[in-house]
Structures are given as structure tokens and as C-alpha cells.
There are 4 protein chains.
Amino acid sequence: MKVGILGATGYTGQELLRLLNNHPEVTLAHLGSSTSAGKRISDICPHLQESLENVLETEELPDVDVVFMALPHGIAAARARELMEHGIKIVDLGADFRLKDAQEYENWYKVKHADPALLPKAVYGLPELYRNEIAGKALVANPGCYPTASQLALVPLLRAGLLDPNSIIIDAKSGVSGAGRGIVQNLHYSEVNENFKAYGVGVHRHTPEIEQQLSGAADAKVVISFTPHLVPMTRGILATIYAGVKSGITEQELRDCWQQDYEKEPFIHVMPEREWPQTKYTNGSNHAFLQLRYDQRTGRVVLVSVIDNLVKGASGQAIQNMNILFDLPETTGLQTTALWP
Amino acid sequence: MKVGILGATGYTGQELLRLLNNHPEVTLAHLGSSTSAGKRISDICPHLQESLENVLETEELPDVDVVFMALPHGIAAARARELMEHGIKIVDLGADFRLKDAQEYENWYKVKHADPALLPKAVYGLPELYRNEIAGKALVANPGCYPTASQLALVPLLRAGLLDPNSIIIDAKSGVSGAGRGIVQNLHYSEVNENFKAYGVGVHRHTPEIEQQLSGAADAKVVISFTPHLVPMTRGILATIYAGVKSGITEQELRDCWQQDYEKEPFIHVMPEREWPQTKYTNGSNHAFLQLRYDQRTGRVVLVSVIDNLVKGASGQAIQNMNILFDLPETTGLQTTALWP
Amino acid sequence: MKVGILGATGYTGQELLRLLNNHPEVTLAHLGSSTSAGKRISDICPHLQESLENVLETEELPDVDVVFMALPHGIAAARARELMEHGIKIVDLGADFRLKDAQEYENWYKVKHADPALLPKAVYGLPELYRNEIAGKALVANPGCYPTASQLALVPLLRAGLLDPNSIIIDAKSGVSGAGRGIVQNLHYSEVNENFKAYGVGVHRHTPEIEQQLSGAADAKVVISFTPHLVPMTRGILATIYAGVKSGITEQELRDCWQQDYEKEPFIHVMPEREWPQTKYTNGSNHAFLQLRYDQRTGRVVLVSVIDNLVKGASGQAIQNMNILFDLPETTGLQTTALWP
Amino acid sequence: MKVGILGATGYTGQELLRLLNNHPEVTLAHLGSSTSAGKRISDICPHLQESLENVLETEELPDVDVVFMALPHGIAAARARELMEHGIKIVDLGADFRLKDAQEYENWYKVKHADPALLPKAVYGLPELYRNEIAGKALVANPGCYPTASQLALVPLLRAGLLDPNSIIIDAKSGVSGAGRGIVQNLHYSEVNENFKAYGVGVHRHTPEIEQQLSGAADAKVVISFTPHLVPMTRGILATIYAGVKSGITEQELRDCWQQDYEKEPFIHVMPEREWPQTKYTNGSNHAFLQLRYDQRTGRVVLVSVIDNLVKGASGQAIQNMNILFDLPETTGLQTTALWP
């Protein structure tokens, strides 16, 4: 299987390279970079010993079976059609095909969508929740990192009608790699280290993505409060989620709902009662860990969900989607254990 | 003014030493330590150059005007009466005198209160909110770190009747020094670094303290969701708070309420609109920073409050309370600027 | 191949578990723990999803082909003979079989060696430098982390006679996991974070190990200055090494010597000129990176060597040695790429 | 005393603001910034509550008694003469007046010196070592951070003739703030965190400054090996220094030499034997800590010196120099204790 990556030198591009080195069915056939074409990977990433011979190329039409697009939003939308016309399957790690509604895309991303006619052809690729829709498709919209963590916790409970859909608050925390490799003042080491802050309060672009998917699960319009925060660490997302529970529902029923949906999932783990997930459990792996506690005093349940933002929240999930597209076992190339400590 | 510290080698004890070195009216007359009596401070804390000559003593009755008790809960309750009978004023940095109801104390702290008859004599010492009650008292219960951050944001708005008191969710994040100096596996550097987790979900002991004080502010029983998290950094607390806003209230009214209450406060700062506090703004200082945003989509306001857990959340506030007890300007000894970067 | 680990819950034990999950020829047959026997691995290490079913056992004689001993020094020496008599091969990650001279061991480790008669049967297992001596042996002394980083840089140059053997200074820096999982005050997160210090100056136990091996390489007694430091990070070692260069030797000759010895080594990488290694290039991988610069002003060369202390400096190298013992390709199970960023 | 700062928004500029807020004799009369003129300090540094009213100005000739120049190298040299002609005293935190030899400056800094005729008028301002030369001067060259840490350890021993001046190796480690506030890829949080590296090996610009000063102390030309490293922390420098000891000199004599020179110094502390300095002991303070150990096996002494790079290594020392220029006690405004933990 010949694989191409567009945007190979960003953090999700580099993470694809790391993970695909362990994938037995993949040949890296095209590594595109708009800024570093002509250089060898080793010039940018000396640690990628297994890929050192690869040379970065321009982002011309690659001769591959499948392409990962790890590009800034706006660019993928403009390039997807030509790739598809050449029979190349696409997993897009960016935001361009996640929202079904082009107008909603424009409201939140502040650019016009380059090819809204493609939107109906895209499938939202979170395998554990939408597996059956992915197989056989040609264009997969890989979910955002916060939406992945949030949906893994919420979608089963909303589908089962156990939560009040108007009560959902997602307080999410991410490591710094989620902000990408761009160099800006507020990602300077000295200004992130020993610091913690909220950002994008009320205006983060993952909000409509989460709401679209939760609305589908609840079969009703869901509006959420979503607040992301920056944690002084490189990797990891933890979402703490608050929701009102439907009258008469017990903690055990909530837990049973998760366990029923996830018991056969190799990557999703409901922790034993009263043990809480830590982001480091997922460090470098495609695993997610979940826990919940129902508080009778308030009538609310607290859900906690953790993933590695660059793996299950981006490149690992993208490979999982590719495996589905090519009818491989989903865990192929993804069986690495988290790095601890 | 002769000052004693009981528990001088814990983190809040050391922080008292650091801050009192800058206090012009204070003589350090007694540094008590149950574990290190007889050693010099420099044996434990080589960085405390200004206190190096001080020798740690047993925790016998000190000959001082005021004593800071920086002790594990349970111990202060047993010792306060004797100190007070000798005319020594007390600022207790622990939990023993924060809850008015001894039964509530026992429910959450799992020990019997040693001297419940003293509870009515204690005043809850968060100066910006309860200043007038503190002056003239002999026993100040210094608030917890999470309760300080939470009340600074919530109390003015609840007093003004702008929030729905049953809707409050406090998602709080703390640096590791908040867990104290005790050595346990989960505070090992290798297991905290590059890691983020929730803890004490639904059972943290600051919950009844926050609820007691918010109930007073709202003049109604307030029950909250409170979830603390551990951030891989040493100092700082950030609380992200969600609350339903009373019908018809605007963001500007919420902001005005804060600004009116805090405009003359030297330590409390409402940030300019759309700029969000960072914990590092408070690093080593007694300042607090606040911001809010009302989200019309959900009808909820998001409040963010940051402090240094060891200063405004503990030792700085304790000194502020001492200043009130002794009729000194509140900022005496507390005018240090945050360390940045 | 049935594998046992004695000391499975320490950091090097956990790292063996992580890496062996990727090893195609290995069955984990015995996980011994003196403190946690009877518990499941998941009770200690929830992140080890691939090993969750494994139950920790007492450290009785295991029914395995090879055992990794990840034990405090002193214990392995006492247990090795019985294991060997049952035909079990041993890779000892501790210090008990590294020094050839039992007296030297006692001088530095302050305990009597339990079985000095075994010392001549042990082989020092740093494959790139002593490969031919390892095959066919039954007892491998896996090198220390600092000695591995130091020897990779120095041994080729000393063997070639390019350095003044009396001029060697090794200034080494390690992440905190190198200090093990024990809980002591000075590994408390709050006291390591944002801090850097030297430790064990002039008395670190890796000194005689390095000197023994360098003396062998130089064919002369080598005495070094060795200073380890603690870096506020979890993984990684960087050794900065200073040595006088023999008269007339050029930087190119030094570089050529390395490149000749290492050009076919899959794990050892001499970086392009003027590019310097970073510990993160090795994060979680078995790779080592080297660089040097000869300074004409001083007549000294500066060598820099980096490894992951838990992989090439411990568990990865142990598996590499096991591969040699069982005639497998050395890279089996070790082809993971570093986690970056 | 009216004080101006040119380059007020860089890290050393901000640190001057922080420290001068505690200085009883100073009025901040001019805060210059080439990039942010017209903004309020609070727009750049919301944490500087005590300076919030200050407005940044262009870098025109300020109406002040003394000016701190916290500017990139090359600029101070061009501006100093005009300021001096207006009777303004200067403390230059940059490199322009540190080297006595304009040619040496050009060799290492790769720019022509703008005003070499001023060089003889500049005094090198490390008070503990050159105090008597500073008083009465108009232009102080504030030492670099690495040179400060290095000289505090080495100069007394070289002056006393106890060391072999040709044997000196300085292996130095710095927190990231030492690299300044500029935004470049290799200061991105994700690429510094959990990483350690050497940089500028053999070519760092502090080399000639250290050599010039050590040559003066030894009264002979001293050539050193100097290797700086980047530590994943914000503040702090630790220098580990190796030197051959003159025949017959004991550890006690080396220690006595330090103690004699430093016993009355409020900022310099020789630690008790066998206790080693940590950078965190100096966090935010103007203190320095020293320790040494003579190794009979090698004939070398190991010296360790720690400072806060932004305080004793830059802005604190600059204020100490200003105090000397204006005949104030040296500790004025500098008596803050380190922030710990």
C-alpha cells in the first residue's frame, strides 16, 4: 500500500511518520512539504532514523493509494477533489470536511469552504462510534482532538438517552503540541512552562464539531459550553465533562452503557470504579481511558476522558481509519504501549 | 510584633518565612517543627538565607503575639484554646476552623473535631469578602486555596443575585505544591511530569467549605459540582467556573458587579475584556486575576479566577489577615510582584 | 521463548514490559515482584493494556528460558547461581556483575558481594563494543546508563589511541527516572521541577564501572572525573565529555574513527557536523546519537552522547543482549522510533 | 533617583521592572521600547500590577539620572556616548562594553564596534570581585550570566594561585529565559520540554569574556573549554567547573580561600561541606551558592556555582551596580528571598 503525507513536517505529519514506521502494510511513497521540499527528513527530524532516506517533495499529485492531509484548514478542501479523481483515498486530519454545513464552517473558521459539494461525500471517522459508515468511503474527515475525547465519553450515553442534552459542559485540557509547530510568543517555552490558562473561551472551533456530533447522538439539537485550557506538558488531552442525568438513572446504568459499547474495543478502556485516568496512560499510544462518577448531591455525572492528542486525537486515529478503508485489522501498526514514566 | 509559626518546614510554613522576611513589623520569634526541632532552618531550607540563624524549636507554647498554624488538620483544633488563653492571636492555615458545623467537619474529614466550642469564635478570613468581620478577632480560619479562588469569582455575583445558585460547577486546577511536602508515590517527579489528572472527584474536602460560603452569599443553600485536577507545575490555581445567569442579565452587568466590588482592592484584578488570566501572572505574589464571558448560546457565564495557591491561597492571605488583626495596612509585606517568566 | 522479569514494577521492569509487548518471539511467563505479588499488573500500571491479564508472582524460581533481573544491587548476586543451575539465562540490569573485582564492588557499593565466584562467568553486555564476547554466555551484566553513554563515545577513540587517557572528564546529565521509583523527598515533583543540581560528586558508583571499561579500551589504567546531574525531565541522558587529543590528530580523524566503528550499527548515529544531539531524539527508543568538536584553542575534544536512560541505558539494551543470547537479530522488538515532540 | 530602561519588554527589562518595584530610592521615569512604544506596560505584562500605569515610550533621550540598557548587542555601543554627554549614568546589560579589545568583540560578535573609544571608560561590573573599580564610574558593563557564575567560583582561586590556569573546563547549564524572549523554533515549548542539549559548543560568545576576566585574575593568558547547555526550566544557571589544583594544595585551602573572600558578602554563600547547590535556591533572588570538592584520584577540583540568570546573572546585578554608582547600600531593593518550591 503506497501512502502519501501532505504536510509531513508538522507535528501530526511527524507523528504519522513515527507510527507508519511500525505499520507492516505501508510503504511511504510521498512526503510532501510546502516549505521544505528538497530537503531530507533528517534535516528536519534527526530522530526519525527509520525514515532518514526519505526526501521531502513538493505537494504535487502523488502516486499513492491513500494520502493523509495534515494541512492547515482551507487547503485540504481545495485539493481533495483532484486526488479523489485519481482514485486516491483521503484521510484529512484537518477541519475542512468535519462539519456537514458549509455555512457553519464559514461562521467558525472565517473562510469560505473551497468545495462544499464534497461535504456529503465525506465520512466522519471516529471508528468506535461510526465504524460502519467508514468502510468503502474515499474521503474520511478525521475528528479533532477535543471532539474525539468528548464524543468517546458522551455519545454512548446520549444515544442511550441517559443524559439531559441541554446540560452538557466540557472543560478540556490539552498539552501544547495540540497548538501545532508554529512559532508564536505564547508558545515560547518560558511563557508556557509553570503556567496554566484557558483560551478560546466560548469561541473555540471544535465547538460546532462537537455539537454536530452530539446532536446526532441525542437526535436533538445540543448546545454545549466548551472551554479548552493549555497544560504545561507536550502531549495529552483530558476532558472533564458535566451533564445532568435523566431522572432515575443510576451510576451503574451509566457505567454499564459504556462497558457494553466498549467491551470489545481494543483502544477504549473504562477504568475500574474510583480510579481516574491520567493523560500519561496514553502517552504515544492510541488508547483512551474513561471514568465517571454520578453525584447524587447535584444530580450531575462527571465524565473524564483521556487520549494522546497526537495519536488517538490525530495521527493514530487517521491510521485506524486507513486500516478500515483498506480492510485491515484496525489495530494494525497501532499496538504500541504508552511510554511511562 | 513577635510572630510564631507552628509547622515551619512544610510548604506553607516555608512560604510564611519567605514572605515575613519582607515584612517590616515582624520579628520571627518561634519556628516550631514536630519533626525537625533542634535543627537550623538552613538544614532544611538552604535557600532561606535571611532566616538562616533561626533554629527550629519544639511546638511548645511560644512566647509571641500571634501564631500561624501550618499544621495537618486535627492538630490545630486541639491546640488553639491554650494559645488563646495566653492571649496569642491565631491565624490557622488548616481546615479546623473553616466549617461552622462540627458535624459537617466530621463528615468530610473523618475525624472528630477536638474543640467544637471554639468554632463560633473563629472568623473566616478572606479579607476582600469578609473584611469587616475579621478586625478585632483572635482566631482566624484562613481559607483553603480552591475556596479562595472560587469565592473571589462567585461571591460578588451571588450576593448581587445575578446567578442561578443551583447551577454552579467549579472545575479547578492546581499546581503540585498544593498537595504538600509529603512524599508519596503519586507526587514522584516522574509520575507527575508530563501528566494531568483529576482527583478527589466528588469527594474533595474543600467542597463543604465552598458550599458554606456560597450559601451565605446567596442566602440560600448552594450545592456545587467541584472537581480538582493536578497540573504538572509547582504553583498556581486556576478555577474555571460555570453558572447559569439570571434571566435578562448581561455580560456587562456581571462585569460591573465585579469591578464595583474590587476596584479599590490592591490584590484583585479584573482583566480587560477578552484577555484571560494565566496562573503565572500570580507566581509568588498575593494577587488574583479574574475574567468572565457570558455565552448567549447556553445562557451560562464562564468565570476564570487565578491565584498562587501558596500565597493568596495560603501564606500571603494569612499575613493579610494578620495585618488586619494588628491594624496594619493590608498590603504590608505583600507588595512583591509576580516572578515572570 | 519464555521470559521472566524479577522486579517487574520498578521503572526498568515496567520498561521491559512495554518493549517486550512488541517482541515477536517472547512470551511473558513470569513477572516477579517482592512487594506486589498477587496483584494484577493493571493494579500498578493501568497503562500497560497489553499486559493487563498478567498477574504478579512471588520471586520464586520461575519456569522460563531467560530472566531479566531488575533488582536493587545485592539481591541479584545472591540469586543468580540457582537460576543458572536450572539452565536459565540471565540478563542482570543491576550492578552486581558489572565490576570484575569484588573488592572494588565492595568499596563503592558498601556491601559484600554475595557470590564473587560468579564474576568471571559474567560478560559485560554493551553489544556495539563487546558483541563477540556476549554470544553463548549465560550471565550478562547489563551496563549502567551513564557508562553506556560514556563508553559509546569514548571506547572507539581510546582503542584507536587518539586520546590522552589521563585527561578524561565526563559531565553527565540525567532525567529523573534514572533515580528509580523510590519515593524520597528530593524526588518530590515540587523540589525537582524548575531545578537543576549536581549529585554524587566524586562518589557516584558508576565511576569504577566506567574506569574499568575505559582502562580495557586504552590498555592502561584510566582515572576519570565523573559528575552526574539531575535534569528536570523524566527520561534521557546526555554526557558531555572532555579529553585531550593526542598530538597531531585532527577532528576528521576522530570523526572517521567513530564512523568506521558505527557505520553498520542500527542504533548508533554520528550526527552531521555542527549538529548536536538532543535527549529527546532518543525518547523511548534504543538509539544513541553522537557528536564531537575538536577545539584547537585548548587541544581538547568535546564529545556529546545521548541515550534514553531507560532504553539503551537499561531495558532496551537488556533486550538487545537477550537477542544475542538467543541468536535473534539484535533489533528484534526494538525498532520503535523516538516519541517527538 | 530617576531611572530609565531601554528595552523594557524583554526578559531582562521586565525583570528590572519587577525588582525596581521593591527599590525604595527609585522612580521609574522612562520605559523605552522600540517595538511597543505607546502601549501601556499592562498590554505586554499584565502581571506587573505595580507598574501598570507606566506607558512605554520611544527610545529617545530620556530625562533620567541613570539608564539601564537591556538591548541587543550593537545598539548600546551606538547610543552610550550621547547619554553620557547628558550626564546620564549607564548600566549596560548587553555585551557591548564587556570586552576591552574591540577586535576581540568583532571576532566573536561578527559586527564592528560602534564606539571603541568608549571601551576604556567602561568598568566591568561584578561587585564582589571588582567593587572598588565601579564606584564613581559613568558606564558599567554588566557581566554575562555564564561569566558571572564562572567568575564567582574561579576568580578567588586564580588570584590566590591555587589552580592550574591552563586546565579549566566550564560545563554550564542554563534555563531557557537566558535565550531571551525571541520566538524561534527551538524555543517552542514542545521542543524544549523533556529535552536537554548542548549548544554553541566551542563558539559561545561568553567565552572571550570569561577568558579576559580569568586572565586578569591569574595574571596570565587563560584559555578555557566552555560548553553551555539548555535545561528544560525557565530560570537558573549551574556551572560545573573542573580545574587542576596546584601541587600540595588541599581541599580545605580552596574552601578557605572562598570563605575568606566571601564571608562578608550578603549575596555569595559557600555551602556546608558535601551539600551541593541547586538552581532553585536562587529562584528570583540575587544570591549565588558555591560548593567544591577536591578529588585526590584525579588531582582536579570540581567547583559548582549557581545563580538565577535573570537576577544575579543580569537585572539584579545591574541594580547592585546602580546602587554602587549612587552610593547606596548594595543590597537596597535586592533583599528578596528565593521562591521555593
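Nearest approach of Arg18(D) to Ala338(B), heavy atoms of both residues: CD-O, 3.3 Å. The minimum heavy-atom distance linking Pro46(D) with Tyr281(B) is given by the pair CG-OH, 3.4 Å. Scanning all heavy atoms of the two residues, the minimum distance from Thr234(B) to Lys280(D) falls at OG1-NZ, 3.9 Å.
Proximity of Glu194(D) to Glu194(B): side-chain heavy atoms (C-beta onward) are separated by under 4.5 Å at one or more points. Put simply, the side chain of Asn21(D) does not reach to within 4.5 Å of the side chain of Gln335(B), judged on heavy atoms. At least one side-chain heavy atom of Gln14(D) sits under 4.5 Å from a side-chain heavy atom of Trp340(B).
Only the side chain of Leu310(D) comes within contact range of chain B, with at least one heavy atom under 4.5 Å from a heavy atom of that chain. Interface remark: Asn193(D) contributes side-chain atoms only to the contact with chain B (heavy atom separation under 4.5 Å). Of the two parts of Glu15(D), only the side chain, counted from C-beta on, holds a non-hydrogen atom closer than 4.5 Å to a non-hydrogen atom of chain B.
Here NE2 of His47(D) is found 11.0 Å from OG1 of Thr282(B). Values are rounded to the nearest 0.5 Å. A distance of 11.0 Å separates OG1 of Thr336(D) from CG of Leu19(B), quoted to the nearest 0.5 Å. To the nearest 0.5 Å, atoms CG (Leu17(D)) and OG1 (Thr337(B)) are separated by 9.0 Å.
The backbone N or O of Pro341(B) lies less than 3.5 Å from a partner atom in the side chain of Arg235(D), making a donor-acceptor pair.
Counted within 6.0 Å of CD on Glu275(B), heavy atoms from surrounding residues, nucleotides or ligands total more than 12; the atom is thus considered enclosed. Around the CD atom of Gln260(B), the shell of radius 6.0 Å holds no more than 12 heavy atoms that belong to other residues, nucleotides or ligands.
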